[in-house]
Amino acid sequence: MTNLEALKNKINYPLNEGSFLVVLIEADINPQAEFSKDNSMKLDIAASDLILQVLTSPNVSEGGYSISLSDREALLKVRSLLLAKWQVDDSGASSISDATYLH
């Protein structure tokens, strides 16, 4: 499995491939390289960055998928757990509740 596939499986949310590629490249992870346990921390942090993108996006309802405020709260908890696993500070993220300010 490639790093790109691993990130898609970890997030399990319908985003365009470009979103996945950007966070991987910003984390200095080769998307096409074989996933290994050695880069788990970098991949988890990239996943947390991707979750933050989802959290700050407008509500989406398309193709049987939707994200609502309750979904956002669950994603925020997942993000916090991913960062806590590696003892990475996620201060500031707890203030995100929805994307109404984006409208």
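Along the sequence shown, residues carry numbers from 1.
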Subject >> Over all atoms of both residues, closest heavy-atom pair of S19 and L15 >> reply: CB-CB, 4.3 Å
**OP:** Could you pull out the closest heavy-atom pair between E5 and T2, with the gap in Å?
**Re:** OE1-N, 2.8 Å
Group every Ile, Leu, Val, Met, Phe, Trp and Tyr by side-chain heavy-atom contacts under 4.5 Å, then state whether [X] and [Y] land in the same group.
| X | Y | result |
| --- | --- | --- |
| I11 | L76 | yes |
| L4 | L82 | yes |
| L55 | V22 | no |

Show me the side-chain donor-acceptor pairs of residues 26-35 shorter than 3.5 Å, one per line, residues at least two apart or across chains.
from : atom 1 : to  : atom 2 : distance (Å)
N30  : OD1    : Q32 : N      : 2.9
N30  : OD1    : A33 : N      : 3.4
E34  : OE2    : M1  : N      : 2.6

Original post:
Please walk me through it: do L43 and L24 pass side chain to side chain contact (heavy atoms under 4.5 Å, CB included)?
Top reply: CA-CA 8 Å; L43 194 73; L24 286 170; 3.6 Å; yes
Compile the donor-acceptor pairs under 3.5 Å between side chains in residues 44-52 and protein atoms, sequence neighbours left out, one pair per line.
from : atom 1 : to  : atom 2 : distance (Å)
D44  : OD1    : K10 : NZ     : 2.7
D44  : OD2    : K85 : NZ     : 3.1
D44  : OD2    : W86 : NE1    : 2.7
S48  : OG     : I45 : O      : 2.7

Original post:
Quick one: are N3 and K42 in side-chain contact, heavy atoms under 4.5 Å?
Top reply: no
